[in-house]
Every structure is written in C-alpha cells, then in structure tokens.
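Report on one structure; see the data block that follows.
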2 protein chains.
Amino acid sequence: MSKEFLFKHIQKFIPFISQSEVEQIYTYFTELNLKKKEIVQHEEELCRSMLFVCKGCLHSYYIKDNGSLQTLDFAIESWWICDYMAFENSSLSDLTIQAVETSIVLSLSRESLDALLQHHPVMEQYFRRIFQRSYAAAQKRVQFLYQYSREELYFHFASHYPEFVQRVPQYLLASYLGFTPEYLSEIKKNSLR
Amino acid sequence: MSKEFLFKHIQKFIPFISQSEVEQIYTYFTELNLKKKEIVQHEEELCRSMLFVCKGCLHSYYIKDNGSLQTLDFAIESWWICDYMAFENSSLSDLTIQAVETSIVLSLSRESLDALLQHHPVMEQYFRRIFQRSYAAAQKRVQFLYQYSREELYFHFASHYPEFVQRVPQYLLASYLGFTPEYLSEIKKNSLR
DNA sequence: TTGTTTTATTAAACCTGTTTAAGTTTTTTG
DNA sequence: CAAAAAACTTAAACAGGTTTAATAAAACAA
C-alpha cells in the first residue's frame with residue numbers, strides 16, 4: 001500500500017517523524033495506477049507534478065532530431081522522477097514521462113508541495129536531503145559520461161546495477177547510457193571472447 | 001565584504017531573514033582568499049567543505065587517463081562548488097578544486113553545515129532551494145550533452161553566457177563542454193565563413 | 001497457437017570529434 | 001622590457017561510435 005511505503009521511505013530521512021504526521025503528509029499526494037507504456041507527462045505540456053515511484057519503473061525521455069528516443073532518467077521504487085526545471089518554472093516539460101512497467105506512483109503538484117512545506121516544515125529537511133543526494137548523483141553521472149568510453153559505461157553500470165539491466169529493455173538502457181542499441185549488441189558480442 | 005555578500009544572497013532565497021540572524025549564520029563559515037591557480041581541494045584528499053564563491057571563479061576537474069584536464073564545474077559569484085558525493089560520504093574527493101581567478105570564497109565544513117542546520121532550521125529551506133535548483137540545472141546539462149553536437153553545445157553556451165566565454169580560458173571551456181581545445185579552434189574557424 | 005509487433009543482432013559504409021605535432025600569439029614574470 | 005611560459009591555431013591521420021538495412025528472436029494479443 002502506497003501510504004505505508006511512503007511512511008517507511010520518509011522515515012529513512014527523518015527518523016523521528018510520527019505515523020500520524022505522515023498520515024497528514026500523505027493527503028497532499030495523489031496515487032496513480034499506471035499501465036505499462038502509459039504516459040503520465042507529455043512533452044510540451046505543463047509540468048505540474050513530481051512523481052514518486054512506490055512500485056514499478058518509469059523513465060523520462062525526449063525524441064531526438066533523427067526520430068529516435070533518448071532516455072534521460074529512470075526511476076524505480078522509492079525514487080522521484082520529474083523535469084525539475086519545468087516543474088520549478090511551472091513551464092512546459094521538455095520530457096515525456098512514461099511507465100516502463102505497470103506502476104504505482106504518488107503525484108505531488110507544485111501547489112501541494114508548497115502547501116506541504118508550509119504546513120510541515122520538517123519536510124524541508126526531507127527534500128533538502130533528497131535533492132542533495134540527487135544532485136550528488138547527477139554530478140557523478142556527468143563525471144562518468146566524460147570519464148568512461150561507452151563500453152566502459154556499460155560494464156560499470158552492469159556491474160553496479162545487475163538487477164536493473166535485467167529489468168529494462170536493452171534499447172532503453174543503451175539510450176540512457178548515451179549510445180545506440182546496435183553498439184550495445186557489439187559490446188556484448190565482443191565481451192564474450 | 002563577504003558577510004554582506006552572503007547576506008544579500010541568502011535574502012534572495014529566504015526574504016524574511018534578519019541581518020542579525022545572518023550575522024550568526026556567518027560564524028559557521030570560514031573566509032578564504034585564493035590566488036589565481038591556487039588549489040583549495042586536492043584530488044584523493046578528504047572532502048571536508050562546500051565552497052561558496054563571493055568573488056572570482058573556481059573550477060573542479062580531474063586528470064584523464066591521457067593526462068589532460070577535464071573540467072566538470074565552474075563556479076562564479078554566488079555559486080557553490082564541491083564534490084557533493086565525497087562531501088556527503090566524508091570520503092576522498094575525485095576532484096581537484098582550483099581558483100581560475102584570484103578569488104574570495106566562504107568555506108562550510110560538513111560539521112559546520114550540520115551545526116548550522118540544527119541551530120538555524122530556516123537554512124534547511126535555503127539549502128533545499130539551492131540543491132533543487134542545482135539538480136534541475138544538472139538534469140538540463142545531461143540533456144544538452146545528449147541532445148546537442150559539440151558545435152551546437154558551444155554556440156548554445158556562448159549565446160547564453162557570453163560574459164563567461166570572455167572570462168575563462170578557452171581550453172577550460174572546451175573541456176567543460178566535453179571536447180578538445182583543437183576542436184574548439186576548428187568550430188570558431190568554420191563559424192567565420 | 002498463430003500471426004503481429006516489438007526487441008535484438010550483424011556487418012559495411014560513414015562521420016564526428018581526437019590525436020599528434022608543429023607553429024603562432026598572448027600573457028605573465030623577473 | 002625581454003624572456004619564458006601559457007594559450008591558441010592549423011592540418012593530416014586516425015578511432016570510437018553511428019547509420020543503414022536486412023535478418024532473427026522474443027513478446028504480446030487475438
């Protein structure tokens with residue numbers, strides 16, 4: 001159940017929060033049940049909400065000039081996903097957000113976030129930690145993109161997140177790592193010898 | 001003066017903060033005066049502090065396998081710079097942080113940050129906003145890295161931050177954008193015709 | 001369970017950006 | 001101000017990864 005999942009998650013960041021306060025906090029969220037391939041956020045539409053994944057897997061992507069799909073982020077259980085620049089500016093999203101698997105997510109609108117922070121200031125600390133951690137990860141991601149060849153990126157990722165490599169289609173993984181599915185086939189072929 | 005600069009900056013994020021509270025907050029920081037090319041944070045040394053630039057320009061970089069320098073981030077007035085992953089884990093920094101120009105920065109150690117947040121919880125909001133904004137920018141950066149060719153990246157950057165292109169050496173800019181100084185020369189040559 | 005759609009593989013031709021190495025210009029320093 | 005160091009330019013050979021197009025395998029729906 002998504003309320004219980006959110007409670008356990010928030011508790012990891014704010015250990016002394018009570019069940020009853022999270023009950024209150026939960027009312028600011030809206031639960032969404034998504035079918036596989038269902039789209040939550042369309043490109044060029046207003047970005048209203050941040051999405052928290054309770055179950056399943058989502059990804060954000062845009063369509064490149066040549067018509068192919070570029071995945072920018074994945075989110076699995078207990079991760080947030082959003083076009084944060086568009087969210088902050090309440091502007092049109094550059095990205096589409098789609099369920100990779102059948103998923104359950106909690107949606108938090110801009111207005112709800114503002115109200116939530118006003119009425120539960122302890123959540124400032126929660127989000128400070130979430131964004132700090134996310135920014136640190138994004139920084140490392142840029143570092144890896146510069147530091148490693150495409151082949152190294154794949155092996156690095158595959159050894160750190162083996163379950164994840166099983167979980168998503170390879171063409172999405174290739175896209176996320178910044179190369180073509182054809183090249184991923186080649187990498188795998190070469191690695192067998 | 002760095003105290004006044006910090007006050008004005010924090011006020012942009014927390015409008016109702018008083019001068020006297022910022023006086024208190026300021027005591028958690030240490031002012032550093034850096035000569036051009038001086039190194040604040042060495043690679044493979046413990047990352048103890050986040051750095052806030054009051055005046056000047058810093059960059060973070062690492063040395064690639066082929067011996068050349070890879071700049072990951074720049075910070076000018078009112079920006080923070082740090083290897084956040086190393087800072088959070090109090091582990092060894094992957095990055096060197098160096099002054100590009102003679103600079104004045106405020107250093108905030110991990111212990112000081114913790115104490116600051118404990119005694120001035122209003123700063124949770126400040127840092128939540130800072131990290132949210134930084135993460136949004138980092139996300140867009142990854143998007144641009146995927147979306148644009150090297151040449152497009154340069155023109156995009158040059159048109160958005162013309163003063164900055166003047167301010168830093170071109171080989172650092174090329175490195176930041178993910179290509180070689182030789183290729184930047186070529187881009188500029190081709191654009192003249 | 002069969003037909004249809006989606007995902008993965010293979011290989012050759014190609015292209016964007018790198019490497020190397022030399023020369024030129026600009027900036028810094030004594 | 002002169003000398004040295006740092007930054008920038010040029011061009012040719014090269015490499016990492018893409019594109020295209022065709023085939024094969026797997027997943028899905030009727």
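Naming: A, B, ... by sequence-line order, numbering from 1 per chain.
Atoms NZ (Lys188(A)) and P (dA25(D)) sit 14 Å apart, rounded to a whole Å. Rounding to whole angstrom units, CD of residue Glu151(A) and P of dA15(D) are separated by 16 Å. Following rounding to the nearest Å, Leu184(A) (CG) and dT7(C) (C1') show an atom-to-atom distance of 12 Å. As rounded to whole Å, 18 Å separates atom P of dG17(D) from atom CG of Asn66(A). Whole-Å rounding puts the Tyr148(B) OH to dT16(C) P distance at 18 Å. Protein atom OH of Tyr154(A) is 12 Å distant from nucleotide atom C1' of dA8(C), rounded to whole Å. Per the geometry, CD belonging to Glu101(A) stands 14 Å off P belonging to dA27(D), to the nearest Å. Here the C1' atom of nucleotide dG17(D) and the OH atom of Tyr146(B) are 14 Å apart, to the nearest Å.
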Working for side-chain hydrogen bond (donor to acceptor under 3.5 Å, both in side chains), residues Tyr28(B) and His119(B): CA-CA 11 Å; Tyr28(B) 293 86; His119(B) 297 117; 3.1 Å; yes

CA sep, side-chain torsions, deciding dist, call: Phe164(A), Phe74(A), ring pair (Phe, Tyr, Trp, His ring centres under 6.0 Å): CA-CA 10 Å; Phe164(A) 195 76; Phe74(A) 285 109; 5.0 Å; yes

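In this structure, the side chains of Phe52(B) and Ile130(B) stay at 4.5 Å or more apart for every pair of heavy atoms.
Phosphate contact (OP1/OP2 of dT18(C), side-chain N/O of Thr180(B), threshold under 4.0 Å): present. Between Lys189(A) and the phosphate of dA11(C), there is a side-chain N or O to OP1/OP2 separation shorter than 4.0 Å. Proximity of Tyr183(A) to the phosphate of dT18(D): no side-chain N or O atom is located under 4.0 Å from OP1 or OP2.
Nucleotides of DNA chain D nearest to Gln170(B) and Glu186(B) differ in position, and the one nearer the 5' end is that of Gln170(B).
Under a 4.0 Å N-O distance rule, the pair Glu77(B)/Arg167(B) qualifies as a salt bridge. Residues Glu23(A) and Lys3(A) are paired through a salt bridge, judged by an N-O separation under 4.0 Å between the basic side chain and the carboxylate.
Residue contacts shown for Lys64(B) are absent, as no nucleic acid heavy atom lies under 4.0 Å away. At the heavy-atom level, Tyr171(B) lies under 4.0 Å from the strands shown only through sugar-phosphate atoms. Backbone-only engagement by Phe179(A) is indicated by non-hydrogen atom pairs under 4.0 Å involving sugar-phosphate atoms exclusively.
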B/S/- contact track for nucleotides 20-30 of chain C, protein heavy atom under 4.0 Å: B-------S--

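Minimum atom distance to the side chain of Arg150(B) is reached by dG17(C), of the listed dT9(D), dG17(C), dA6(D).
Both tests pass for Arg133(A) against the ring of Trp79(A): distance under 6.0 Å to the centre and angle within 45° of the axis.
Each of Gln143(A), Gln139(A), Lys140(A) was evaluated against Asp83(B); a single residue qualifies, Lys140(A), per the side chain to side chain donor-acceptor pair (under 3.5 Å) test.
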